[in-house]
There are 2 protein chains.
Amino acid sequence: MLDTRTLRRDATRARILEAAWTLAKRDGLAALSLREVAAAVGMRAPSLYTYFDSKNDLYDAMYAETAAMVATVVRDGAVGSTPKDRLRRGMHAFVVFFAENPARYQLLVERPVPGFVPRPESFAVSRETFASTIATDLAALGITGERATNMWRAITTGLLTQQIANDPGGDGWTSLVDDAFDMYMTFHERKGKKR
Amino acid sequence: MLDTRTLRRDATRARILEAAWTLAKRDGLAALSLREVAAAVGMRAPSLYTYFDSKNDLYDAMYAETAAMVATVVRDGAVGSTPKDRLRRGMHAFVVFFAENPARYQLLVERPVPGFVPRPESFAVSRETFASTIATDLAALGITGERATNMWRAITTGLLTQQIANDPGGDGWTSLVDDAFDMYMTFHERKGKKR
DNA sequence: GTCTATATCCAGATAGAC
DNA sequence: GTCTATCTGGATATAGAC
């Protein structure tokens, strides 16, 4: 697994992915062209097929890479001595990361590429990250159930969808992340205590 | 303005728009092709240029049409004797309309078409609808300022982004609209009263 | 107002030489 | 592993006949 051939191959794959993201940022995700990606790494288009089976396979690698990055960003960001601290910082890290990487947000959350659907394995990473970090800490506060976790997801992605579409590079929505957190907690903690 | 030539022309434009939406729903917004749109209305592609200056002009008409529909849907839906009643019903109408028309949501809110930016006049309709309905009733409750209105927008679009991406045709998120409304109101009314 | 023909260009993907 | 050459098909848009 760690022979030089595999290492080189992975390094080239990483270079291709990086070039793909640069072009996706510039032209839009759906406008990606294999010819341009190849040119950006000093290759011709057919050579990419050594590294990716198809264009959708490249999109899937971009998706999987981003899912893995989010897992790291949230895990590293969601630190603190209480579930509430961790949740607040986790939400913050999630929003900041995607506000800085709008194309990654679109690919992961908004599905703007006609014909591309992530492979179930790639999709599962996102689910797993959420379950093992956010959902766990929410449960520690007595906030459980699909409705409550879906609301969490709606709030975080709502801030990001608006930020990216209507104020790119600004902070008109990301600056609301603490308010959003407090709003969510006030409502759901209270509901939890009612029982 | 109301001569038969204008009427016929507008009717044909409407038929083209309808065909464009049918294809956008089936294949994705960014995959629209003028050839296919033309074929769907019994024409060849060049004939469309009698009705629209370019493909982006067609997208802009789709955008403007949707913005107008949202204006009607929200105005008709946001009825009630109190601002709070109207707001709740307005949020409901907005979410239901877009949950039933995901492609329209994507075009209006998510901007998934590379190279397409709505004309300022088309964009202004959305702003105006929000200002004259939602923002007015929020202000009547003492909820003012960009932060509060941005939060409203984030919540509604958050529900829709998730609903459309992760549960198309379902109600895992749209069924949260009343909770979301209560959550928003509890938080912002209280903050208003603090002053 | 619609058509055919065409300009111009680009796409993803494969075959097979090196 | 990378290339050239090519297949096959598509795109938007314009010119000009009818």
Side-chain angles (χ1 to χ4, degrees), chain A residues 1 3-24 26-63 107 112-119, chain B residues 1 3-24 26-63 107 112-119:
Chain A
M1 279 295 183
D3 57 292
T4 54
R5 196 171 16 181
T6 303
L7 284 174
R8 278 191 61 84
R9 197 185 142 82
D10 287 350
T12 307
R13 272 180 66 105
R15 278 204 309 135
I16 293 167
L17 281 171
E18 198 188 340
W21 281 116
T22 301
L23 291 169
R26 196 193 65 187
D27 301 331
L29 267 170
L32 251 202
S33 120
L34 294 182
R35 282 169 153 78
E36 283 193 286
V37 172
V41 295
M43 285 181 185
R44 305 295 183 130
S47 304
L48 296 183
Y49 285 81
T50 305
Y51 303 96
F52 300 97
D53 291 341
S54 66
K55 190 184 184 182
N56 272 351
D57 190 37
L58 171 59
Y59 277 128
D60 194 73
M62 295 167 79
Y63 183 102
L107 183 63
V113 181
F116 168 65
V117 182
R119 283 162 38 234
Chain B
M1 275 295 185
D3 55 294
T4 56
R5 195 170 16 179
T6 304
L7 284 174
R8 277 192 62 84
R9 197 184 143 83
D10 287 351
T12 307
R13 272 179 66 106
R15 279 203 309 136
I16 294 167
L17 280 171
E18 198 187 339
W21 280 116
T22 301
L23 291 169
R26 196 192 65 187
D27 301 331
L29 266 169
L32 250 203
S33 119
L34 295 182
R35 280 168 153 79
E36 284 193 286
V37 172
V41 294
M43 285 182 185
R44 305 296 181 128
S47 304
L48 296 183
Y49 285 81
T50 303
Y51 302 96
F52 300 97
D53 291 340
S54 68
K55 189 184 185 182
N56 272 351
D57 190 37
L58 172 60
Y59 277 128
D60 195 72
M62 296 168 78
Y63 183 102
L107 184 63
V113 181
F116 168 65
V117 182
R119 283 161 41 233

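Labels below follow one simple rule: chain letters A, B, ... track the order of the sequence lines, proteins then strands, and each chain is numbered from 1. Note that the coordinates shown come from a computational prediction; the quantities given were computed from them, not determined experimentally.
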Under 4.0 Å from OP1 or OP2 of D:dT4: is there any side-chain N or O of A:R44 that close?
yes

When rounded to whole Å, the CE to P distance for the pair A:M43 and D:dT2 reads 4 Å

Rounded distance in Å - CG (B:L32) to P (D:dA11)
10 Å

The side chain of A:P46 lies closest to which of these nucleotides: C:dG12, D:dT4, D:dT14?
D:dT4

Rounded to whole Å, how long is the line connecting atom CG of B:L34 with atom P of D:dA13?
6 Å

Phosphate OP1/OP2 of C:dC3: any B:S47 side-chain N/O under 4.0 Å:
yes

Distance, rounded to the nearest Å, where A:Y59 contributes OH and C:dA13 contributes C1'
15 Å

For atom CG of A:D57 and atom C1' of C:dA13, their distance in whole Å
14 Å

What are the two closest non-hydrogen atoms of B:A45 and B:A38, and how far apart are they?
N-CB, 3.5 Å

With a non-hydrogen cut-off below 4.0 angstrom, is A:S54 in contact with a base, only sugar-phosphate, or nothing?
sugar-phosphate

B:R5 has a side chain; which of C:dG12, D:dA13, C:dG1 sits nearest to it?
C:dG1

Value rounded to 0.5 Å, distance of CG in A:L34 from OG in A:S47
11.5 Å

Nearest whole Å is fine: how far is C:dT2 P from B:L48 CG?
9 Å

Separation of D:dA13 C1' from B:Y49 OH (nearest whole Å):
4 Å

Does a side-chain N or O from B:T50 land closer than 4.0 Å to OP1 or OP2 of C:dG1, or not?
no

Any side-chain heavy atom of B:K55 within less than 4.5 Å of one from B:L48?
no

For A:G42, which contact category applies under a 4.0 Å heavy-atom criterion: base, sugar-phosphate, or nothing?
sugar-phosphate

If you measure from the Lys or Arg side-chain nitrogens to the Asp or Glu carboxylate oxygens, is any gap between B:R13 and B:E18 under 4.0 Å?
no

Phosphate OP1/OP2 of C:dT2: any B:Y51 side-chain N/O under 4.0 Å:
yes

Taking D:dA11, C:dT14, D:dA13 as options, the one with an atom nearest any side-chain atom of B:E36 is D:dA11

Minimum heavy-atom separation for B:A24 and B:M62, please, with both atom names.
CB-CE, 4.4 Å

Which whole-number value in Å describes the distance from B:F52 CZ to D:dT14 C1'?
19 Å

